There are 2 protein chains.
Amino acid sequence: MDGIGLIIYARCEVWYKGRAESHLAPGDYLIIRKKDGALLIHGATLTTPLNYQPPGAELKYERTPEGIILTSTRKKEEIKIKIQEVYTHILADSWSNNKITLWGTESHLRDHVISNIDKYFPGHTEIHKEYSTPVGAIDLLVIQDKSGERVHNVIEFKRKKATLAACSQLGRYLQHFRTQMMVLSIGYIFSPDITANALIHLEQNGDHHVKVEIPQITHP
Amino acid sequence: MDGIGLIIYARCEVWYKGRAESHLAPGDYLIIRKKDGALLIHGATLTTPLNYQPPGAELKYERTPEGIILTSTRKKEEIKIKIQEVYTHILADSWSNNKITLWGTESHLRDHVISNIDKYFPGHTEIHKEYSTPVGAIDLLVIQDKSGERVHNVIEFKRKKATLAACSQLGRYLQHFRTQMMVLSIGYIFSPDITANALIHLEQNGDHHVKVEIPQITHP
DNA sequence: AGTTCAGTGATGCGT
DNA sequence: ACGCATCGCTGAACT
């Protein structure tokens, strides 16, 4: 975190080589090198960079007859930038490293449901957040006694529309409970919405979707 | 795509309001506004922006006694930036919009395996790429005739270490074939590596991992 | 360090 | 244009 912050707008060409490999045709791009070593090359559109490297990369500077060559290396991944002409460069020493504070996440949704748990699972005897299993942690596990039988309600939360991936994730937990632990289990996806395919797949397995809205934000 | 490209290094403060909500404390940040309307606010570390808005956002400029206020709006999402002082700004008219060309993806791995398919599945009768099912598309489906019985080999590719999520995905396809289509099916994950838990889970279901390396890159 | 999961995910592809 | 599944995802939390 003691590196240099550098922002360069320049005419350049970029090569990436690692697990995959890419080439970016010569043009005018924004090159960002952050204090933690992260490197970004941005084009004129899109939020995602054309090329990037995560924090921890090392930057090498080299002057050649063809122009400046920047090489950023991290493990077995390398990005090479051949700079033809620098239009503007900023040495961002003062660059701040604050974090945003974010409200309205999946765990907020989960906690909101827990605070109204009687509404969804009356007569519950146990509640476990992030219940750990060999196949991953269950967002919320609510155990009920139904006429003497213990029912395990396995709940997966999604803050937006649930897809097939959510069903798979839930199915994995349920398979563990049903076939390894031999306990009676019912699966639930709590989300504001669910895709048609996901709902079909869910109901074929005898599980359920419960529509819930992201809770209103309450500032601390 | 006819908007202005703008790069600003400035002291500012940022608020985001939409499905979620966040606040970024005053400091020195890099503000990027792209030609397609995308907006990024980057801090001194990490590859991801602190705040962002996808393409299509509209930017409003406002001058107040407290400083310049930029407001970027897209659907019901809004980012507000209060700029105290601009250190450097670049009007990036020439900003290029080229795309990278990428080799070594999951589909390259799949195609490499297909070209050596006899090695893995001798006596196959049918090969289907991206075989569509109600629960998603199977990367590769290879059908074999084994002493008169049709065996469906369901193959999922991962370009790096396979995790539990890959098993779930594969399991979803297999469940469909076995319980809905009533055909004999065997599942495979082809990847350079697999996590311990994922391998256990896979083998418990009678499925298999096949170690494959990302193919050498051959430039066109 | 390895593994798993959430994300204002984003992108690409199919309908 | 929208819905849907994947990603060189990234980053964070936990073992």
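On a predicted model such as this, the values are computed, not experimentally measured, just so you know. Quick note: numbers below take in every heavy atom, side chains included, and nothing from hydrogens, waters or symmetry partners. Each chain gets a letter, A, B and so on, in the order the sequences are listed, and its residues count up from 1.
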### Query
What residues, two or more places apart in sequence or in another chain, satisfy ring-ring contact (aromatic ring centres under 6.0 Å, His included) together with B:Phe190?
B:Tyr120, B:Phe157
### Message
Tell me whether B:His89 at atom NE2 has more than 12 heavy atoms from other residues, nucleotides or ligands lying less than 6.0 Å away.
### Response
no
## Note on the structure
Whichever of B:Asn197 and A:Lys75 has the more 5' nearest nucleotide on DNA chain C, that residue is A:Lys75
### Task
Taking atom C1' in both C:dG14 and D:dG8, compute the distance separating them and give it to the nearest angstrom.
23 Å
### Query
For the base of D:dG8, is there a side-chain donor-acceptor partner from A:Glu77 under 3.5 Å away?
yes
### Query
What nucleic acid atoms does A:Ile79 come within less than 4.0 Å of, heavy atoms only: base, sugar-phosphate, or nothing?
nothing
### Query
Want to settle it: does A:Ile100 or B:Ala196 sit nearer the 5' end of DNA chain C, counting the closest nucleotide to each?
B:Ala196
### Message
Using a distance-only criterion (donor-acceptor N/O pair, under 3.5 Å, no hydrogens), is the base of C:dT8 paired with the side chain of B:Asn51?
### Response
yes
### Message
Nearest heavy atom decides the nucleotide; on that basis, is A:Lys161 or B:Arg159 closer to the 5' end of DNA chain D?
### Response
A:Lys161
### Task
Answer with base, sugar-phosphate or nothing: what part of the nucleic acid does A:Asp139 contact at a heavy-atom distance below 4.0 Å?
sugar-phosphate
### Task
Classify the nucleic acid contact of B:Thr105 as base, sugar-phosphate or nothing, counting any heavy atom under 4.0 Å across all strands shown.
nothing
### Task
Taking only heavy atoms on the protein side, list every residue of residues 173-181 of chain B lying under 4.0 Å from any atom of DNA chain C, sorted numerically.
none
### Task
Could you encode protein contacts along nucleotides 10-15 of chain D as a string, one character per nucleotide from 5' to 3', using B for base contact, S for sugar-phosphate-only contact and - for no contact, with a heavy-atom cut-off of under 4.0 Å?
SSS---
### Task
Decide if atom CD of A:Glu58 counts as having more than 12 heavy atoms of other residues, nucleotides or ligands within a radius under 6.0 Å.
no
### Message
Please report the distance separating the P of C:dT8 from the corresponding atom of C:dT4, rounded so that it comes out in whole Å.
### Response
23 Å
### Summary
Closest to the side chain of A:Glu106, out of C:dT8, C:dA6, C:dT3, is C:dA6
### Task
Give A:Ala198 one of three labels, base, sugar-phosphate or nothing, depending on what nucleic acid heavy atoms sit under 4.0 Å from its own.
nothing
